[in-house]
Amino acid sequence: MAPSKSLLQRVQAQPVATSVVKRALEEDRLHHAYLFEGPGGVGKRLAAYGIAQVLVCEQPKTTEACGECRSCIRVHRAYENNSAEHPDVIRLAIGAYEPAAIGRKTPESTEISIDQIRTMVLARSAFGPVEGRAKIFILDGAEKLSIGAANALLKILEEPEARTRFLLLSARSKSLLPTIRSRTLAVRFRPLPIQVQNTLITEDDARRDYLDLSDGSFDTASELAQEANRAMLDALANALDAGDLEASLQAAATAKGKREVVASALALLANRTRQSARDAAGLRLAERFELIARAERDLRRNMAPQLCLESFVLRALQP
Ligand SMILES: [Zn+2]
(Lines give C-alpha, C1' and ligand atoms only; values in the text may rest on other atoms or scores of the structure.)
Protein backbone atom coordinates (compact mmCIF):
# COMPACT_ATOMS: atom_id res chain seq x y z
CA MET A 1 0.00 0.00 0.00
CA ALA A 2 1.40 3.40 -0.95
CA PRO A 3 2.22 5.35 2.20
CA SER A 4 0.69 8.52 0.73
CA LYS A 5 -2.83 7.22 1.30
CA SER A 6 -4.16 8.19 4.73
CA LEU A 7 -4.87 5.34 7.14
CA LEU A 8 -8.53 6.26 7.56
CA GLN A 9 -9.04 5.89 3.80
CA ARG A 10 -7.80 2.33 4.04
CA VAL A 11 -10.60 1.14 6.38
CA GLN A 12 -12.73 -1.19 4.27
CA ALA A 13 -16.33 -2.39 4.51
CA GLN A 14 -17.15 -0.54 7.76
CA PRO A 15 -19.62 2.04 6.44
CA VAL A 16 -21.27 2.77 9.78
CA ALA A 17 -18.07 3.06 11.80
CA THR A 18 -16.27 5.20 9.23
CA SER A 19 -19.23 7.52 8.80
CA VAL A 20 -19.53 8.03 12.58
CA VAL A 21 -15.85 8.90 12.77
CA LYS A 22 -15.74 11.06 9.65
CA ARG A 23 -18.81 13.04 10.63
CA ALA A 24 -17.36 13.72 14.08
CA LEU A 25 -14.09 14.89 12.53
CA GLU A 26 -15.89 17.06 9.95
CA GLU A 27 -18.01 18.74 12.58
CA ASP A 28 -15.07 18.98 14.95
CA ARG A 29 -16.92 17.23 17.74
CA LEU A 30 -14.90 14.11 18.26
CA HIS A 31 -15.96 12.40 21.48
CA HIS A 32 -13.23 12.20 24.13
CA ALA A 33 -13.42 8.40 24.36
CA TYR A 34 -14.52 5.81 21.84
CA LEU A 35 -14.87 2.06 22.20
CA PHE A 36 -14.28 0.33 18.88
CA GLU A 37 -15.74 -3.14 19.34
CA GLY A 38 -15.88 -6.07 16.95
CA PRO A 39 -13.83 -9.09 15.85
CA GLY A 40 -10.03 -8.93 15.60
CA GLY A 41 -8.55 -7.89 12.28
CA VAL A 42 -11.46 -5.98 10.75
CA GLY A 43 -10.10 -2.43 10.88
CA LYS A 44 -10.46 -1.14 14.46
CA ARG A 45 -6.75 -0.47 14.93
CA LEU A 46 -6.47 1.01 11.45
CA ALA A 47 -9.35 3.39 12.18
CA ALA A 48 -7.81 4.39 15.52
CA TYR A 49 -4.43 5.23 13.99
CA GLY A 50 -6.36 6.89 11.15
CA ILE A 51 -7.99 9.28 13.63
CA ALA A 52 -4.62 9.86 15.28
CA GLN A 53 -3.17 10.73 11.89
CA VAL A 54 -5.87 13.35 11.26
CA LEU A 55 -5.25 14.88 14.69
CA VAL A 56 -1.49 15.22 14.31
CA CYS A 57 -1.23 15.84 10.54
CA GLU A 58 0.71 19.02 9.76
CA GLN A 59 -1.47 19.91 6.76
CA PRO A 60 -4.90 18.31 7.32
CA LYS A 61 -7.84 18.84 4.98
CA THR A 62 -10.71 18.83 7.51
CA THR A 63 -11.45 15.09 7.78
CA GLU A 64 -8.42 13.77 5.97
CA ALA A 65 -4.82 13.44 6.96
CA CYS A 66 -2.46 14.28 4.10
CA GLY A 67 -0.71 10.96 4.58
CA GLU A 68 2.57 12.55 3.46
CA CYS A 69 3.84 14.95 6.12
CA ARG A 70 6.39 13.91 8.73
CA SER A 71 3.72 13.38 11.38
CA CYS A 72 1.51 11.29 9.09
CA ILE A 73 4.45 9.09 8.16
CA ARG A 74 5.39 8.60 11.80
CA VAL A 75 1.82 7.54 12.71
CA HIS A 76 1.81 5.21 9.72
CA ARG A 77 5.00 3.61 10.98
CA ALA A 78 3.57 3.34 14.49
CA TYR A 79 0.54 1.52 13.03
CA GLU A 80 2.67 -0.88 11.01
CA ASN A 81 5.12 -1.73 13.80
CA ASN A 82 3.18 -1.08 17.02
CA SER A 83 6.03 1.27 17.83
CA ALA A 84 6.23 4.61 19.58
CA GLU A 85 6.94 7.11 16.81
CA HIS A 86 5.01 10.24 17.72
CA PRO A 87 4.93 11.84 21.19
CA ASP A 88 1.18 12.48 20.96
CA VAL A 89 0.17 9.00 19.83
CA ILE A 90 0.51 6.59 22.74
CA ARG A 91 -0.25 2.90 22.46
CA LEU A 92 -1.35 0.90 25.49
CA ALA A 93 -1.43 -2.89 25.38
CA ILE A 94 -0.28 -5.92 27.34
CA GLY A 95 3.51 -6.02 27.38
CA ALA A 96 3.80 -2.91 25.21
CA TYR A 97 6.55 -1.58 27.49
CA GLU A 98 9.62 -2.99 29.16
CA PRO A 99 8.89 -3.58 32.88
CA ALA A 100 11.48 -0.97 33.95
CA ALA A 101 9.84 1.67 31.74
CA ILE A 102 6.58 1.40 33.67
CA GLY A 103 8.09 0.85 37.10
CA ARG A 104 7.60 -2.90 37.32
CA LYS A 105 9.92 -5.75 38.18
CA THR A 106 8.13 -8.38 36.09
CA PRO A 107 6.65 -8.24 32.61
CA GLU A 108 2.88 -8.02 32.21
CA SER A 109 1.60 -11.41 31.16
CA THR A 110 -2.18 -11.57 31.47
CA GLU A 111 -3.32 -8.03 32.14
CA ILE A 112 -2.61 -4.42 31.31
CA SER A 113 -1.30 -3.33 34.69
CA ILE A 114 -2.11 -0.25 36.69
CA ASP A 115 1.61 0.55 36.37
CA GLN A 116 1.23 1.01 32.63
CA ILE A 117 -1.83 3.23 33.07
CA ARG A 118 -0.08 5.26 35.79
CA THR A 119 3.12 5.81 33.83
CA MET A 120 1.79 6.15 30.32
CA VAL A 121 -1.59 7.80 30.94
CA LEU A 122 -1.90 9.46 34.35
CA ALA A 123 1.55 11.02 34.20
CA ARG A 124 0.92 12.42 30.71
CA SER A 125 -2.74 13.14 30.17
CA ALA A 126 -2.76 16.34 32.24
CA PHE A 127 -0.41 17.95 29.74
CA GLY A 128 -1.60 19.00 26.33
CA PRO A 129 -0.25 17.63 23.09
CA VAL A 130 3.43 18.08 22.32
CA GLU A 131 3.22 18.58 18.57
CA GLY A 132 -0.24 17.78 17.24
CA ARG A 133 -3.71 19.15 17.96
CA ALA A 134 -4.51 16.37 20.43
CA LYS A 135 -2.91 13.67 22.50
CA ILE A 136 -4.28 10.27 21.51
CA PHE A 137 -4.20 7.15 23.66
CA ILE A 138 -4.89 3.94 21.73
CA LEU A 139 -5.78 1.11 24.09
CA ASP A 140 -5.35 -2.12 22.16
CA GLY A 141 -7.17 -5.04 23.82
CA ALA A 142 -9.09 -2.92 26.32
CA GLU A 143 -10.72 -6.02 27.84
CA LYS A 144 -7.31 -6.91 29.26
CA LEU A 145 -7.23 -3.98 31.69
CA SER A 146 -6.75 -5.16 35.25
CA ILE A 147 -9.42 -3.98 37.68
CA GLY A 148 -6.96 -1.50 39.18
CA ALA A 149 -5.92 -0.24 35.75
CA ALA A 150 -9.55 0.12 34.67
CA ASN A 151 -10.42 2.11 37.80
CA ALA A 152 -7.41 4.38 37.33
CA LEU A 153 -8.41 4.96 33.74
CA LEU A 154 -11.97 5.62 34.80
CA LYS A 155 -10.93 8.69 36.78
CA ILE A 156 -9.40 10.19 33.64
CA LEU A 157 -12.37 9.28 31.49
CA GLU A 158 -14.61 11.08 33.98
CA GLU A 159 -12.64 14.31 33.83
CA PRO A 160 -10.80 14.33 30.53
CA GLU A 161 -8.36 17.03 29.58
CA ALA A 162 -9.83 18.97 26.63
CA ARG A 163 -7.33 17.91 24.01
CA THR A 164 -6.98 14.27 25.05
CA ARG A 165 -8.64 11.46 23.10
CA PHE A 166 -9.01 7.83 24.12
CA LEU A 167 -9.61 5.10 21.55
CA LEU A 168 -10.35 1.75 23.20
CA LEU A 169 -10.22 -1.31 20.95
CA SER A 170 -11.74 -4.62 21.95
CA ALA A 171 -12.74 -7.90 20.35
CA ARG A 172 -14.41 -8.95 23.63
CA SER A 173 -15.95 -5.75 24.85
CA LYS A 174 -18.50 -7.57 27.00
CA SER A 175 -15.63 -8.29 29.40
CA LEU A 176 -15.07 -4.57 29.99
CA LEU A 177 -16.20 -3.01 33.25
CA PRO A 178 -19.65 -1.47 32.69
CA THR A 179 -18.36 1.78 34.16
CA ILE A 180 -15.71 1.99 31.43
CA ARG A 181 -18.25 1.13 28.74
CA SER A 182 -20.64 3.78 29.95
CA ARG A 183 -18.00 6.50 29.61
CA THR A 184 -17.13 5.68 26.04
CA LEU A 185 -19.03 5.98 22.79
CA ALA A 186 -19.29 2.46 21.41
CA VAL A 187 -18.80 2.03 17.67
CA ARG A 188 -19.42 -1.42 16.26
CA PHE A 189 -17.08 -2.89 13.63
CA ARG A 190 -18.50 -5.75 11.56
CA PRO A 191 -16.87 -8.95 10.31
CA LEU A 192 -15.40 -8.37 6.85
CA PRO A 193 -17.16 -9.97 3.87
CA ILE A 194 -14.93 -12.64 2.36
CA GLN A 195 -14.79 -10.78 -0.99
CA VAL A 196 -13.32 -7.77 0.82
CA GLN A 197 -10.84 -9.95 2.73
CA ASN A 198 -9.73 -11.44 -0.58
CA THR A 199 -8.86 -8.02 -1.97
CA LEU A 200 -6.85 -7.04 1.11
CA ILE A 201 -4.23 -9.79 1.11
CA THR A 202 -1.70 -10.98 -1.43
CA GLU A 203 -2.11 -14.11 -3.54
CA ASP A 204 0.39 -16.15 -1.49
CA ASP A 205 -0.85 -15.03 1.95
CA ALA A 206 -1.18 -18.13 4.17
CA ARG A 207 -4.44 -16.76 5.60
CA ARG A 208 -6.15 -17.08 2.22
CA ASP A 209 -6.98 -20.78 2.78
CA TYR A 210 -8.76 -20.01 6.05
CA LEU A 211 -10.92 -17.04 5.14
CA ASP A 212 -14.09 -19.13 4.83
CA LEU A 213 -13.60 -20.38 8.39
CA SER A 214 -12.55 -17.07 9.88
CA ASP A 215 -15.95 -15.42 10.43
CA GLY A 216 -14.71 -12.33 8.65
CA SER A 217 -11.84 -11.76 11.09
CA PHE A 218 -8.24 -11.55 9.88
CA ASP A 219 -7.02 -12.32 13.40
CA THR A 220 -8.88 -15.64 13.34
CA ALA A 221 -7.52 -16.41 9.87
CA SER A 222 -4.00 -15.69 11.17
CA GLU A 223 -4.53 -18.03 14.09
CA LEU A 224 -5.76 -20.78 11.81
CA ALA A 225 -2.84 -20.30 9.46
CA GLN A 226 -0.41 -21.04 12.27
CA GLU A 227 1.04 -24.47 11.84
CA ALA A 228 0.35 -25.67 15.40
CA ASN A 229 -3.31 -24.77 15.10
CA ARG A 230 -3.63 -26.36 11.68
CA ALA A 231 -2.14 -29.54 13.09
CA MET A 232 -4.66 -29.45 15.96
CA LEU A 233 -7.59 -29.08 13.59
CA ASP A 234 -6.41 -31.97 11.40
CA ALA A 235 -5.63 -34.22 14.34
CA LEU A 236 -9.04 -33.58 15.89
CA ALA A 237 -10.99 -34.11 12.69
CA ASN A 238 -9.11 -37.32 11.86
CA ALA A 239 -9.41 -38.71 15.38
CA LEU A 240 -13.15 -38.00 15.40
CA ASP A 241 -13.58 -39.68 12.03
CA ALA A 242 -11.71 -42.71 13.33
CA GLY A 243 -13.77 -42.71 16.51
CA ASP A 244 -10.56 -42.53 18.53
CA LEU A 245 -11.55 -41.01 21.88
CA GLU A 246 -8.09 -40.73 23.36
CA ALA A 247 -6.57 -39.05 20.32
CA SER A 248 -9.59 -36.71 20.08
CA LEU A 249 -9.17 -35.61 23.68
CA GLN A 250 -5.45 -35.18 23.18
CA ALA A 251 -6.11 -32.87 20.22
CA ALA A 252 -8.80 -30.98 22.16
CA ALA A 253 -6.41 -30.40 25.06
CA THR A 254 -4.11 -28.33 22.84
CA ALA A 255 -6.95 -25.85 22.32
CA LYS A 256 -6.41 -24.28 25.72
CA GLY A 257 -7.16 -20.57 25.60
CA LYS A 258 -7.70 -20.58 21.84
CA ARG A 259 -11.27 -19.36 21.58
CA GLU A 260 -11.12 -18.35 17.91
CA VAL A 261 -9.43 -21.57 16.91
CA VAL A 262 -12.08 -23.64 18.67
CA ALA A 263 -14.86 -21.62 17.03
CA SER A 264 -13.27 -22.35 13.67
CA ALA A 265 -12.64 -26.00 14.54
CA LEU A 266 -16.36 -26.38 15.17
CA ALA A 267 -17.17 -24.66 11.87
CA LEU A 268 -14.71 -26.96 10.13
CA LEU A 269 -16.27 -30.03 11.72
CA ALA A 270 -19.72 -28.84 10.66
CA ASN A 271 -18.44 -28.49 7.08
CA ARG A 272 -16.94 -31.96 7.13
CA THR A 273 -20.08 -33.46 8.58
CA ARG A 274 -22.10 -31.80 5.82
CA GLN A 275 -19.66 -33.25 3.29
CA SER A 276 -19.96 -36.79 4.69
CA ALA A 277 -23.72 -36.40 4.68
CA ARG A 278 -23.50 -35.85 0.96
CA ASP A 279 -21.02 -38.71 0.43
CA ALA A 280 -22.77 -41.40 2.37
CA ALA A 281 -25.84 -41.88 4.47
CA GLY A 282 -24.43 -41.53 7.96
CA LEU A 283 -27.00 -42.38 10.59
CA ARG A 284 -25.54 -40.24 13.34
CA LEU A 285 -24.77 -37.15 11.30
CA ALA A 286 -27.81 -35.20 12.47
CA GLU A 287 -26.79 -35.98 15.99
CA ARG A 288 -23.25 -34.81 15.26
CA PHE A 289 -24.61 -31.53 13.89
CA GLU A 290 -26.61 -31.00 17.01
CA LEU A 291 -23.56 -31.58 19.19
CA ILE A 292 -21.54 -29.10 17.14
CA ALA A 293 -24.31 -26.50 17.50
CA ARG A 294 -24.40 -27.11 21.24
CA ALA A 295 -20.61 -26.65 21.52
CA GLU A 296 -20.85 -23.43 19.50
CA ARG A 297 -23.48 -22.16 21.93
CA ASP A 298 -21.31 -23.09 24.91
CA LEU A 299 -18.39 -21.22 23.40
CA ARG A 300 -20.50 -18.12 22.80
CA ARG A 301 -21.59 -18.32 26.43
CA ASN A 302 -17.96 -18.00 27.42
CA MET A 303 -17.17 -21.61 28.34
CA ALA A 304 -13.39 -22.17 28.36
CA PRO A 305 -12.45 -23.23 24.81
CA GLN A 306 -10.58 -26.39 25.78
CA LEU A 307 -13.41 -27.56 28.05
CA CYS A 308 -15.94 -26.83 25.36
CA LEU A 309 -14.07 -28.96 22.82
CA GLU A 310 -13.44 -31.78 25.30
CA SER A 311 -17.11 -31.94 26.29
CA PHE A 312 -18.00 -32.07 22.61
CA VAL A 313 -15.58 -34.95 21.99
CA LEU A 314 -16.94 -36.89 24.94
CA ARG A 315 -20.52 -36.45 23.78
CA ALA A 316 -19.64 -37.29 20.19
CA LEU A 317 -17.64 -40.44 20.86
CA GLN A 318 -19.35 -41.86 23.92
CA PRO A 319 -22.81 -43.09 22.99
ZN1 LIG B 1 -0.07 14.81 7.22
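All values below come from the heavy atoms of this structure, side chains included, with hydrogens, waters and symmetry mates left out. Numbering of ligands and ligand atoms starts at 1, following listing order.
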Pairs satisfying ring-ring contact (aromatic ring centres under 6.0 Å, His included), at least one member in residues 132-177, at least two apart: Phe137-Phe166
Pairs involving residues 179-198, ordered by first then second residue, that meet ring-ring contact (aromatic ring centres under 6.0 Å, His included) (sequence neighbours left out): Phe36-Phe189
Table please: side-chain donor-acceptor pairs of residues 40-50 below 3.5 Å, with sequence neighbours left out.
residue: Lys44; atom: NZ; partner: Gly38; partner atom: O; Å: 2.9
residue: Lys44; atom: NZ; partner: Pro39; partner atom: O; Å: 2.6
residue: Arg45; atom: NH1; partner: Tyr79; partner atom: O; Å: 3.3
residue: Arg45; atom: NH1; partner: Asn82; partner atom: OD1; Å: 2.8
residue: Arg45; atom: NH2; partner: Tyr79; partner atom: O; Å: 2.8

Pair Glu143-Arg172, salt bridge (charged side-chain N to carboxylate O under 4.0 Å, His left out): steps then yes or no: CA-CA 6 Å; Glu143 74 281 0; Arg172 302 193 61 204; over 6 Å; no
2.8 Å shell around the Zn ion (ligand 1), exclusive bound, protein N/O/S atoms: 4
Main-chain N/O of Ile201 paired with Arg208 side-chain donor or acceptor, under 3.5 Å: yes
Donor on one side chain, acceptor on other, Glu58 and Ser71, under 3.5 Å: yes
